[in-house]
Structures are given as C-alpha cells and as structure tokens.
Visitor: 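Have a look at the structure that comes next, please.
Just so it is clear, the structure is predicted and the values come from calculations on it, not from any experiment. When reading the values below, keep in mind they use all heavy atoms of this one structure, side chains included, and skip hydrogens, waters and symmetry mates. We name chains A, B, ... by the order of the sequence lines, and we start the count at 1 in each one.
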Protein chains: 2
Amino acid sequence: MSESFTTPNAPAGSSGKRARGVDRVIDLCTQLHRHKAPMTPRELVEATGAPRSSVYELVSILSEAGWLEVDRDGRIFFGRAMHLFGLDYARHNDLISRARSVLRQLAAEFNETSQFCMLEGNKYTVVLDDNGTRPFRISADTGVRIPIPWTASGRVLLGDMTLEAIADFIPAEDFVLPDGREIHREDFFAEIEKARDQGHAITEGLADSFACCLAVPVFDQGGHAHATLCFTIGRDAPETRRDELLDALKQAARTLYGH
Amino acid sequence: MSESFTTPNAPAGSSGKRARGVDRVIDLCTQLHRHKAPMTPRELVEATGAPRSSVYELVSILSEAGWLEVDRDGRIFFGRAMHLFGLDYARHNDLISRARSVLRQLAAEFNETSQFCMLEGNKYTVVLDDNGTRPFRISADTGVRIPIPWTASGRVLLGDMTLEAIADFIPAEDFVLPDGREIHREDFFAEIEKARDQGHAITEGLADSFACCLAVPVFDQGGHAHATLCFTIGRDAPETRRDELLDALKQAARTLYGH
DNA sequence: CTCTTTTGTCCGATATATCGGACACTTGTC
DNA sequence: GACAAGTGTCCGATATATCGGACAAAAGAG
C-alpha cells in the first residue's frame with residue numbers, strides 16, 4: 001500500500017517512543033483539522049505515527065467526553081464539545097476586543113473612568129477599563145474579584161435571577177460592605193428589579209463612600225445581561241451629568257448588542 | 001444553574017490519585033467552559049482538584065499548542081485552536097445535515113441515485129447518497145475513497161487548481177481507470193476548465209462503462225467548490241433528461257451555498 | 001521594614017499509562 | 001472455497017508522566 005502521498009507525516013511535536021497522552025491528543029486533533037473531514041482510525045495511525053492501540057484508547061476517551069465523534073462508518077471527527085469551546089473563545093474575544101474600542105471612545109468623550117465588567121463565577125470583575133486623562137481614578141483594578149452586591153453592575157448582571165437563586169448564588173459574607181454595613185437581600189433584590197425596569201443601575205457610596213457608579217447592561221443574543229458598561233464618578237456630579245452619562249452608556253451598549 | 005464556587009467540585013471523571021493527563025485536560029477545559037471566562041491557575045487547581053504542578057505543566061503544553069491562551073494577567077482561557085476545531089465541527093455538521101435533506105428531495109423528485117461528495121485528502125469520496133426508489137443503483141458506497149480522475153465530481157472539485165498543482169496532488173496511478181485505460185493529464189485539465197466554465201461536469205463510461213455522471217459544485221463562502229451534488233444515471237438517458245437533472249442539481253446546490 | 005501567604009518553577013520517586021504484540025473477527029482476493 | 005490483508009480488542013511489561021514537596025520570588029499584612 002504505497003500510501004502516504006503528499007503527507008510526510010510529521011508527528012507534530014513528539015517523535016520519541018513513548019509519548020505523553022496529551023501530546024498524542026494534540027497530534028490527533030491537528031491531523032483532523034488538516035484534513036477537514038472525518039478520518040478512519042487507520043488514517044489517524046498513519047498520519048500521526050502513534051501506535052494503533054493508543055489511537056483507539058485516546059479516541060475512546062475523547063469520544064466519551066464529546067471532544068470527538070465517531071460516525072456509523074467508524075470515522076472520527078471533532079465533536080460537539082469542540083464546538084462549544086470554540087464558541088466560548090470566539091464570544092469572549094469578540095466581545096472584549098469590541099468593548100475595548102467602545103471604552104476608549106467613552107473615556108475620551110466624557111473624560112470619566114469607564115469600565116467593562118462581567119461576572120466571574122459568583123463574583124464581579126472589571127475586565128477592561130479606561131481612565132481617560134484623569135490624573136486620579138476611582139476604580140477597581142482589572143481582574144480583581146469583587147462581591148457582586150458592592151457594585152451597580154452587579155445589580156444589572158443579576159437581572160434575570162430570582163430572589164431565591166440569588167440568595168443561593170452569592171456567599172453570605174458578600175452582603176457585608178467594606179465598612180461593615182450589611183445589605184439586606186430584599187433591598188438588594190428590589191434594586192435589581194428596578195435596574196431591570198430602568199435599564200440601568202446607580203449606586204452611591206457603596207464600595208467607596210465618595211463614589212457613584214452608573215451601570216448599563218450589555219445583552220447577548222439571548223437577551224441576557226452578559227456584561228456591563230459603567231462609569232465611576234464622584235457623588236457630587238449633578239443630575240444632568242448623570243443622565244448624560246447614562247444615555248451615552250446605553251447607546252454604547254447597544255453597539256455591542258446582539259453578539 | 002446551581003453553580004459551584006466554594007464547592008470542592010467533582011473532578012469530572014477521575015477521582016483517583018494519579019490521573020491520566022488526558023483526563024486532567026478534559027477536566028480543565030470543562031471547568032473553563034462552565035465558568036465561561038478566564039481562570040487563574042489557582043482557580044483551576046481548586047476547581048479540578050488536580051495537583052498544582054500538573055495544572056501548570058498541562059496548561060503550558062496546551063498553550064504552546066494554541067488550545068489555551070494565557071493573558072497578561074496570567075488568566076487562562078480557550079485559545080485559537082479551539083475556535084478552529086469548533087468551526088470545523090460546525091461547518092461539517094451543518095453542511096452535511098442540510099445536504100441530507102436536499103438529497104432526499106432530489107432523489108424523491110427525479111427518482112435517480114443522487115449523491116453528496118467531498119474530497120478527502122487526495123481522493124474523492126461519497127459522503128451521502130440517496131437512491132430514491134430504484135431497485136438497483138449505479139453508485140459507489142458512501143465513504144469509499146475513489147481516485148479523483150474517475151469521477152465527474154472530481155473535475156468540479158479541482159476547479160481552482162493549476163495543472164501543475166493537480167499533477168502534484170494526485171498520485172500517478174489514479175490516472176489509470178479500472179479497465180486499464182489511462183487518462184492524460186492535459187485532457188483531464190481541459191475537462192476541469194470546461195467544468196468550471198459550464199458550472200457542471202458530465203462523464204460517461206469512466207469508472208463504469210454504463211454510467212453517466214452529472215456533477216455540480218457546492219461552493220463555500222469563499223467561492224471554493226467544497227463539495228458536489230451529483231446524479232449517476234444510465235448512459236442511455238436522453239439529452240433533455242440530462243439538462244433537466246443538471247438544472248435541478250444547480251438549483252439544489254444554490255440552497256447549500258454560502259456556508 | 002519584617003513576617004506571612006501566595007504564586008510559579010524545578011526535580012526525583014514511583015504508580016501507571018503507553019505501547020507492542022497476540023488474538024478474534026471481518027473483509028477482500030483469487 | 002481457501003488464503004491474505006485489514007480492523008478492533010485485550011493484556012502484561014516497562015519507560016515515563018504525574019505528583020508531592022522543596023525552593024525562590026512576588027505579593028500582602030502589619
């Protein structure tokens with residue numbers, strides 16, 4: 001079977017004898033990606049240079065995990081899990097890269113600290129921020145995990161959860177503010193409902209006694225508040241300024257809308 | 001979503017001591033998918049229950065392969081490779097599932113053997129077929145790899161390759177028909193050009209002396225002939241019948257167009 | 001500034017995952 | 001029909017990948 005036509009068969013990384021399972025898996029998937037079509041075990045063995053038994057074993061493991069799928073002719077190709085992971089990557093990167101430019105515009109136009117925030121597990125986190133030209137900023141650092149009840153964004157992000165789910169989702173200690181005050185769950189839930197109705201949330205003197213936070217939701221294609229855009233300003237800002245900023249946020253959020 | 005945050009978290013499949021690297025990788029990715037956001041090494045260690053050193057090692061391997069990416073804050077998330085794999089899966093499944101219903105319609109309406117074909121490496125293969133109600137069919141079995149020069153679809157699929165690339169791509173022995181006749185490369189190339197101009201290819205008595213194959217391209221979003229739809233009929237079919245079938249194929253192919 | 005905690009890297013021991021080969025079964029050939 | 005070639009499963013030996021723990025560097029705490 002004079003075979004092996006154009007493919008010189010580079011076993012990717014490893015060429016030694018007893019290779020790491022993970023490396024074999026990487027080789028397998030790389031080959032599938034090159035062929036862009038299902039492959040038989042035989043083809044995978046030849047293409048990767050891996051032992052036959054290893055290929056069968058790994059394919060079996062990966063099939064069970066949904067990473068690969070075996071069709072009724074025994075052909076192997078990527079599975080549903082890969083699709084999900086790929087979507088995670090795409091959604092994450094697309095949203096973040098577009099949010100970055102939106103933030104830049106907001107910060108430049110209004111010269112206030114603007115942020116792009118998401119939930120991370122049961123905490124809130126600033127994913128991106130832009131401080132404009134302000135010498136000092138009122139803002140959390142990016143990536144730091146903050147209790148959800150401390151923030152305006154948190155009230156927006158929990159828009160579609162029930163009181164029960166929220167109580168279950170957020171650790172009890174997160175309802176205690178830095179200064180020791182405690183937020184009552186009923187009040188918190190009422191603010192979430194209000195935020196949903198208004199399309200924005202405002203908090204004052206919560207995490208920081210001088211700060212006022214304005215947050216609006218960024219919806220994903222499912223109408224779910226997947227992230228927020230927000231300004232953090234001083235509490236001395238007049239009503240008109242707040243409205244102006246909220247309008248700008250809402251407009252900016254719409255440009256990130258729908259995926 | 002009953003989430004798990006403080007939860008020690010069931011390490012998916014394995015709970016033993018020394019786990020297989022591949023299983024750990026599956027656990028890692030499963031966690032990332034649940035969180036839908038980058039995670040720190042620490043979080044991954046806690047979430048998966050894997051040893052710290054293992055997580056670092058595996059993340060390093062997977063990062064190098066592009067399966068994961070580490071941002072400048074040390075956070076880990078899915079990488080570009082996952083995106084590519086996911087696209088492979090989606091494209092494959094979407095196209096094939098839609099082709100299946102198209103084939104059913106074609107076979108039902110014209111009562112001829114209809115097929116959906118793609119390249120696989122340097123061979124041609126029937127991915128789907130539908131024989132209508134014909135008692136006997138003239139058709140290759142699905143999944144069998146056939147030399148490209150033996151088929152009408154092959155002439156369509158190679159539409160954008162140069163003579164040189166084709167000569168390089170197809171093994172010399174594939175130019176020899178089952179009956180021993182040899183196809184000259186120049187003739188083959190001319191037929192490819194003709195197929196490209198006409199938007200279809202017809203072959204007679206090539207792989208089978210009684211068969212006539214009608215093939216039209218299914219273009220992907222890049223205008224590339226990624227697959228074909230074809231009928232295999234007897235050579236005795238009159239010209240008008242052939243035209244009728246070709247028109248139906250072209251129309252059907254348009255419904256699969258553009259991804 | 002010192003002390004503590006966390007984070008990332010390195011390395012050797014050993015539990016075990018990988019591999020080769022044998023086996024049964026199917027498929028193709030003459 | 002017999003024979004050859006290919007495919008999928010199983011199992012024990014052993015090369016080695018995984019893991020724990022030690023270490024240095026960085027980050028917090030006071």
Visitor: Quickly work out the L58(B) CG to dG8(C) P distance and round it to whole Å.
Guide: 16 Å

Visitor: Taking the side chain of R20(A) as heavy atoms from C-beta outward, which of dT18(C), dC10(D), dT18(D) is closest to it?
Guide: dT18(D)

Visitor: Taking the side chain as every heavy atom from C-beta outward, state whether L32(B) and F85(A) have any pair of such atoms under 4.5 Å apart.
Guide: no

Visitor: Applying salt bridge (charged side-chain N to carboxylate O under 4.0 Å, His left out), run through R91(B) and D88(B) and close with a yes or a no.
Guide: CA-CA 5 Å; R91(B) 194 169 42 76; D88(B) 287 342; 3.6 Å; yes

Visitor: Tell me: CG of D23(B) to P of dT16(C), nearest whole Å?
Guide: 13 Å

Visitor: For the pair made of CD in E57(B) and P in dA17(C), what is the distance, rounded to whole Å?
Guide: 16 Å

Visitor: From the options dT9(D), dA17(C), dG21(D), select the nucleotide whose nearest atom is closest to the side chain of R52(A).
Guide: dT9(D)

Visitor: Work out which heavy atom in P149(A) is nearest to a heavy atom in R155(A); give both atom names and the distance.
Guide: O-NH1, 2.9 Å

Visitor: Going by the angle between their ring planes, with limits at 30° and 60°, are F77(A) and H92(B) parallel, tilted or perpendicular?
Guide: tilted

Visitor: Given dG20(D), is OP1 or OP2 found less than 4.0 Å from the side-chain N or O atoms of R18(B)?
Guide: no

Visitor: Return the value, rounded to whole Å, for the distance between atom CD1 of I61(B) and atom P of dT16(D).
Guide: 15 Å

Visitor: According to the interplanar angle, ranging from 0 to 90°, do the rings of W67(A) and W67(B) count as parallel (below 30°), tilted (30 to 60°) or perpendicular (above 60°)?
Guide: tilted

Visitor: Would you mind checking if R24(B) and E57(B) are paired as a salt bridge, meaning a charged N to carboxylate O distance below 4.0 Å?
Guide: no

Visitor: May I have the distance from I76(B) (atom CD1) to dG8(C) (atom C1'), rounded to whole angstrom?
Guide: 11 Å

Visitor: Mapping S53(A) and V22(A) onto DNA chain D by nearest heavy atom, which one lands closer to the 5' end?
Guide: S53(A)

Visitor: Work out how much the helix from dC1(C)-dG30(D) to dC30(C)-dG1(D) bends between its end axes, five pairs an end, to the nearest 10 degrees.
Guide: 40°

Visitor: What's the closest nucleotide to the side chain of Y56(A) if the choices are dG8(D), dC19(C), dT9(C)?
Guide: dG8(D)

Visitor: Where each residue is assigned the nucleotide of DNA chain D containing its nearest heavy atom, which of P41(A) and G21(A) is assigned the position nearer the 5′ end?
Guide: P41(A)

Visitor: Which of parallel (below 30°), tilted (30 to 60°) and perpendicular (above 60°) describes H83(A) and Y89(B)?
Guide: tilted

